[in-house]
Protein chains: 2
Amino acid sequence: MKHFHGTAKQERALDAYVKLLRAADTVDSFLMSRLESLGLSPSQFGVLEALYHIGPLCLGELARKLLKTSGNLTMVVGNLERRGLATRTRQAADRRFYLVSISEKGRKLIAQVFPQHVERIVGAMSALTPAEQESLAALARKLGTTVAARNPK
Amino acid sequence: MKHFHGTAKQERALDAYVKLLRAADTVDSFLMSRLESLGLSPSQFGVLEALYHIGPLCLGELARKLLKTSGNLTMVVGNLERRGLATRTRQAADRRFYLVSISEKGRKLIAQVFPQHVERIVGAMSALTPAEQESLAALARKLGTTVAARNPK
DNA sequence: CAGCGGTGGTTCAATATTAAACCATTCGGC
DNA sequence: GCCGAATGGTTTAATATTGAACCACCGCTG
């Protein structure tokens, strides 16, 4: 059931684009549904997970890593702070920077939740063979980095 | 720079998952940035484009096609209606259904914007060769449909 | 035809998200 | 040392997004 007709080139590009977005959306909402039942929003989990695995980061670094705006991060980190899962401390060296760190409570939460999360990712991706997973990763990586490079933030 | 260490199976799945999401996010925000400069939010464009190419749909069908909740669609369609780009009419046969249709104004807008949108998709996807685009589409399709089938809405 | 369960939409409260305007701080040139 | 540009964060206004509670309508069964 197709509703747009263009050149072969256009249909190929559109088809790949639509399939890519739908797959990402489907897999992500499957994974996030579990996290939300633990009281963590997708964004909150994303920030905590980054802090947990990478270490303290300032707001701007978080925004760039997560592909979100700084204004957005202000809100999400604010919510994490209010819930005692992260802290924000002003840098003495350059007082414009706020270093965001995961709290002990946040660390415990991620330590508890992350293993199951990984297993759910493994489960979802098992729809593809290992070779297919690697192929998908390579193609997605090439596409993502090329488009990102062409459009400097 | 990797910050998580697990089994080969876990790292492969995680890597594919992360690359997939980032590619989708990068491409999508590249495309949406142009649409927003025309005053159309991504969701509004999604709904209008569906109505334009498929024809009138009821709220629930729209929600399923766009992978959103019905509550969300109530809001987005409300905004489209307020701007005169779509209409909502109650079905006489079964008065629970509201049929959503694109207006003439909306049709003109999409007719004007869609060709450029497709060309931008072609431009973005040209990061991959035609064969790679087809390969990506096939892998994404397999992943998306399998995960969706395993998790009936 | 009364009641009831199921389906379609809406409402509500909370969080997210962005762009744009704005504030705070640093740093370079003078 | 002061000013202006640049950088990092916050705020604001608007839209989006979800799950849960709720309302409206249908069809069925007694």
Side-chain angles (χ1 to χ4, degrees), chain A residues 25-26 28-48 56-83 85-100 151-153, chain B residues 25-26 28-48 56-83 85-100 151-153:
Chain A
D25 204 329
T26 300
D28 206 41
S29 57
F30 162 66
L31 291 171
M32 290 310 141
S33 63
R34 185 73 97 204
L35 292 177
E36 303 217 31
S37 71
L38 296 171
L40 266 185
S41 78
S43 310
Q44 290 174 1
F45 176 76
V47 170
L48 275 192
L57 294 168
C58 70
L59 259 181
E61 289 170 320
L62 270 174
R64 282 186 291 278
K65 294 220 178 269
L66 303 174
L67 307 179
K68 297 286 152 64
T69 64
S70 64
N72 181 17
L73 268 288
T74 294
M75 152 112 335
V76 174
V77 170
N79 285 335
L80 286 173
E81 203 168 25
R82 182 160 47 73
R83 300 177 48 182
L85 298 170
T87 60
R88 194 169 2 196
T89 59
R90 203 167 183 137
Q91 291 291 78
D94 186 334
R95 290 170 48 72
R96 287 172 300 184
F97 289 75
Y98 282 84
L99 197 65
V100 183
N151 302 88
K153 73 154 173 54
Chain B
D25 204 328
T26 300
D28 206 41
S29 56
F30 162 66
L31 291 171
M32 291 309 142
S33 62
R34 184 73 95 205
L35 291 178
E36 304 219 29
S37 71
L38 297 171
L40 266 186
S41 78
S43 309
Q44 290 173 3
F45 176 76
V47 170
L48 276 192
L57 294 168
C58 71
L59 260 181
E61 288 171 321
L62 271 173
R64 281 187 291 278
K65 293 218 178 271
L66 303 174
L67 308 179
K68 298 287 152 62
T69 63
S70 63
N72 182 14
L73 267 289
T74 293
M75 153 112 329
V76 174
V77 170
N79 285 335
L80 286 174
E81 203 168 25
R82 182 161 48 72
R83 300 175 50 182
L85 298 171
T87 59
R88 196 171 357 198
T89 58
R90 203 165 184 140
Q91 291 290 77
D94 186 334
R95 288 170 50 73
R96 286 171 300 182
F97 288 76
Y98 281 84
L99 196 64
V100 184
N151 302 89
K153 75 160 173 53

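Sequence lines set the chain letters: A, B, ... in the order given, protein chains first and strands last, and positions in each chain run from 1.
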Would you kindly give the [atom1]-to-[atom2] distance between [X] and [N], to the nearest whole Å?
| X | N | atom1 | atom2 | value |
| --- | --- | --- | --- | --- |
| A:K68 | D:dG8 | NZ | P | 20 Å |
| A:L40 | D:dT18 | CG | P | 18 Å |
| B:L80 | D:dT15 | CG | P | 11 Å |
| A:R64 | D:dT7 | CZ | C1' | 10 Å |
| A:E81 | D:dG9 | CD | C1' | 13 Å |
| A:L85 | C:dT15 | CG | C1' | 15 Å |
| B:E36 | D:dA13 | CD | P | 19 Å |
| B:L38 | C:dT18 | CG | C1' | 16 Å |

Please classify the nucleic acid contact of [X] as base, sugar-phosphate, or nothing, using heavy-atom distances under 4.0 Å.
| X | result |
| --- | --- |
| A:G71 | base |
| A:R83 | nothing |
| A:S43 | sugar-phosphate |

Can you tell me if the side-chain N/O atoms of [X] get under 4.0 Å from OP1 or OP2 in [N]?
| X | N | answer |
| --- | --- | --- |
| B:Q44 | D:dA16 | yes |
| B:N72 | D:dT18 | yes |
| A:R88 | D:dG9 | no |

Could you check whether any side-chain heavy atom of [X] comes within less than 4.5 Å of a side-chain heavy atom of [Y], counting everything from C-beta outward?
| X | Y | answer |
| --- | --- | --- |
| A:L35 | A:M32 | yes |
| B:L85 | B:L40 | yes |
| B:P56 | B:L99 | yes |

[X], nearest nucleotide to its side chain (from [options]):
| X | options | result |
| --- | --- | --- |
| B:R95 | D:dT10, D:dA16, D:dC25 | D:dC25 |
| B:L59 | D:dC25, C:dT26, C:dT10 | C:dT10 |
| A:V76 | D:dT10, C:dA16, C:dA24 | C:dA16 |
| B:S41 | D:dC26, D:dT10, D:dA16 | D:dA16 |
| B:T69 | D:dT15, C:dT15, D:dG19 | D:dG19 |
| B:Y98 | D:dT17, C:dT17, C:dT10 | C:dT10 |

Query raised in the report: Taking the nucleotide of DNA chain C with the closest heavy atom to each, which residue, A:R90 or A:N79, is nearer the 5' end?
Result: A:N79
Report summary line: Nearest-nucleotide check on DNA chain D, A:L73 vs A:R96; residue mapping nearer the 5' end is A:R96
Report task. Between A:D94 and B:A92, just flag the one whose closest nucleotide in DNA chain D comes earlier from the 5' side. Result -> A:D94
Query raised in the report: Which pair of non-hydrogen atoms, one from B:L66 and one from B:G46, has the smallest distance, and what is that distance?
Result: CD2-O, 4.0 Å
Query raised in the report: Any sub-3.5 Å donor-acceptor pair from A:E81's side-chain atoms to A:R88's backbone N or O?
Result: yes
Query raised in the report: Hey, is the main chain of B:S33 close enough, under 3.5 Å, to the side chain of B:E36 for a donor-acceptor pair?
Result: no
